[in-house]
Each structure stands twice: as C-alpha cells, then as structure tokens.
Amino acid sequence: MNSEFTIAVHSLVFLAHQTDNMATSEQIACNVATHSARIRKVMGFLRKAGYVRTKEGIGGGFILDCDPNKVTLAEIYRLTSQGSLKPNWCSGDENQSCMIASNMEKVMDCIFGDAEKQMESYFEKHTIGSVRRQIMQLGNTQSIINI
C-alpha cells in the first residue's frame with residue numbers, strides 16, 4: 001500500500017466535512033500534514049476520476065464532486081494503489097531445478113492477489129461518508145471526555 005491512498009481518503013473526507021466542500025491544496029496539505037505538491041498530485045488523480053473538480057482564481061480550490069456516501073474506499077484503493085500490496089521482488093528463481101525455488105514466485109503472486117481481493121472487498125464496506133462519521137463520533141467522544 002502507498003501513501004497516495006491515505007492522502008486521497010483523508011483529502012476526500014476533509015472536503016466532505018467542509019460546509020462548501022472547497023479547500024485549497026495548502027489547506028488540505030495542512031490538514032493531512034504533508035506538502036501541498038503531494039496533495040496536488042493526488043488531487044490530480046481524483047480530479048481525472050471525477051471525485052473532485054477545481055475552481056480557478058481567487059477563492060478557488062478543490063471541490064468535492066461526488067456523493068461521499070457512495071464513494072467506497074475500494075474505489076480509491078484501485079485508483080491510487082492497486083497492485084501495490086505485492087512486493088517488487090520475490091524470492092526464488094523459476095529456472096532453478098529446486099521445486100521450492102522454481103515455484104515460490106508463482107505461489108506468492110497468487111497469495112498476494114487473493115489478499116488484495118479480500119482487502120478490496122473489505123474496503124467496499126466503507127465509504128468516504130462512513131469514515132467521516134467515524135471521525136465525528138470520535139470527536140464527540142473526545143469532547144465529552146475533555147469536559
């Protein structure tokens with residue numbers, strides 16, 4: 001998994017929480033705690049996929065252009081990170097005569113593929129809206145504790 005996934009989810013939840021659903025890359029970057037250039041890169045993916053749009057000029061920024069209760073984390077995972085669960089390198093060598101060495105990569109590819117499918121299935125159960133609601137519940141609990 002890569003950081004683009006968490007940046008995208010965080011950014012979408014932040015925009016969903018804004019009353020006018022708009023924020024600059026600097027505002028989002030401050031909330032995410034990363035550099036605004038990273039935000040602009042991720043927001044570019046989200047814009048091309050139709051989750052956000054941009055407003056140019058003074059008072060401009062990124063605007064949520066989707067229903068946060070319908071956008072699943074699986075959609076965002078597929079957009080930003082699909083295939084990243086599998087490592088770039090796997091042990092073994094298919095050209096070796098050893099049964100273990102020559103088949104390890106094939107078996108591990110299947111294992112990582114199955115794990116990714118299960119993770120995507122789990123992510124289908126969560127939406128940007130449900131993440132926002134969980135955060136709001138935590139915030140309400142913390143407010144009560146801090147009184």
Side-chain angles (χ1 to χ4, degrees), residues 1-55 60-143 145:
M1 176 119 27
N2 62 40
S3 60
E4 278 81 13
F5 173 72
T6 55
I7 290 170
V9 170
H10 189 137
S11 299
L12 290 171
V13 170
F14 181 71
L15 288 175
H17 188 67
Q18 302 290 60
T19 52
D20 62 359
N21 292 336
M22 186 179 349
T24 66
S25 59
E26 289 78 16
Q27 291 169 321
I28 298 168
C30 182
N31 195 269
V32 174
T34 192
H35 195 277
S36 59
R38 291 187 77 198
I39 295 298
R40 286 188 292 275
K41 176 185 174 192
V42 171
M43 296 307 277
F45 296 143
L46 295 173
R47 184 183 53 74
K48 286 178 187 171
Y51 296 109
V52 299
R53 58 185 167 85
T54 56
K55 180 180 175 188
F62 293 96
I63 304 164
L64 194 65
D65 199 27
C66 60
D67 180 347
N69 295 309
K70 293 183 180 174
V71 177
T72 68
L73 298 191
E75 293 174 51
I76 305 306
Y77 176 79
R78 285 189 287 270
L79 178 67
T80 61
S81 305
Q82 191 167 39
S84 64
L85 191 61
K86 180 184 176 235
N88 293 329
W89 178 84
C90 186
S91 61
D93 179 356
E94 65 183 28
N95 296 320
Q96 286 190 18
S97 60
C98 175
M99 179 175 52
I100 305 298
S102 63
N103 290 299
M104 183 59 72
E105 185 171 3
K106 291 176 201 156
V107 170
M108 292 306 294
D109 281 349
C110 288
I111 290 170
F112 281 114
D114 288 346
E116 187 166 59
K117 287 175 191 169
Q118 287 183 23
M119 186 171 65
E120 284 184 47
S121 177
Y122 176 76
F123 283 161
E124 283 290 345
K125 299 173 186 174
H126 299 277
T127 66
I128 296 301
S130 71
V131 172
R132 181 182 175 276
R133 284 188 295 279
Q134 289 178 48
I135 291 169
M136 297 303 292
Q137 287 173 346
L138 284 174
N140 289 336
T141 303
Q142 289 173 352
S143 296
I145 291 170

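Just so it is clear, the structure is predicted and the values come from calculations on it, not from any experiment.
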H35: ring-ring contact (aromatic ring centres under 6.0 Å, His included) partners, not counting sequence neighbours: none

T6 vs T80 side-chain heavy atoms within contact, under 4.5 Å: no

N69: side-chain hydrogen bond (donor to acceptor under 3.5 Å, both in side chains) partners, not counting sequence neighbours: R133

Set of side-chain contact (heavy atoms from CB on, under 4.5 Å) partners for H17, sequence neighbours left out: R132, M136

By side-chain hydrogen bond (donor to acceptor under 3.5 Å, both in side chains) - contacts of N31 (at least two apart): H10

With M22 via side-chain contact (heavy atoms from CB on, under 4.5 Å) - residues at least two apart: D20, K55, I63

Reported CG-to-CD distance for the pair L73 and E120, which is rounded to 0.5 angstrom: 11.5 Å

Validation row: L15, I28 side chains within 4.5 angstrom (heavy atoms): yes

Test item: side-chain donor near acceptor, Q27 and Q18, under 3.5 Å: no

Heavy-atom closest contact (E116 atom, S84 atom, distance): OE2-N, 3.9 Å

Distance, nearest 0.5 Å, that separates CE of M119 from CD of Q82: 9.5 Å

Side-chain heavy atoms of Y77 within contact of L85, under 4.5 Å: yes

Distance, nearest 0.5 Å, that separates SG of C66 from CG of L12: 6.0 Å

From S11 atom OG to I39 atom CD1, the distance as rounded to the nearest 0.5 Å: 4.0 Å

Y122: partners by ring-ring contact (aromatic ring centres under 6.0 Å, His included), with sequence neighbours left out: H126

Chi angles and distances behind the side chain to side chain contact (heavy atoms under 4.5 Å, CB included) call for T127, K70: CA-CA 6 Å; T127 66; K70 293 183 180 174; over 6 Å; no

Salt bridge (charged side-chain N to carboxylate O under 4.0 Å, His left out) partners of residues 32-42, not counting sequence neighbours, each pair once: E4-K41, E26-R40

Residues which pass side-chain contact (heavy atoms from CB on, under 4.5 Å) with E75, listed by chain and number, not counting sequence neighbours: Y51, V71, T72, R78

Distance, nearest 0.5 Å, that separates CG of L46 from CG of L64: 9.5 Å

Donor-acceptor contact present, side-chain S121 to main-chain K117, <3.5 Å: no

Atom pair OG (S36) and CE (M43), whose distance is rounded to the nearest 0.5 Å: 12.0 Å

Any pair counted as side-chain hydrogen bond (donor to acceptor under 3.5 Å, both in side chains), so long as it reaches residues 96-115, sequence neighbours left out: K86-D109

Partner set under salt bridge (Lys or Arg N to Asp or Glu O under 4.0 Å) for D65, not counting sequence neighbours: R53

Shortest non-hydrogen separation from G60 to T24 and the atoms involved: O-CG2, 3.6 Å

Aromatic ring proximity F5/F123, centre distance under 6.0 Å: yes

Partner set under side-chain contact (heavy atoms from CB on, under 4.5 Å) for A33, not counting sequence neighbours: none

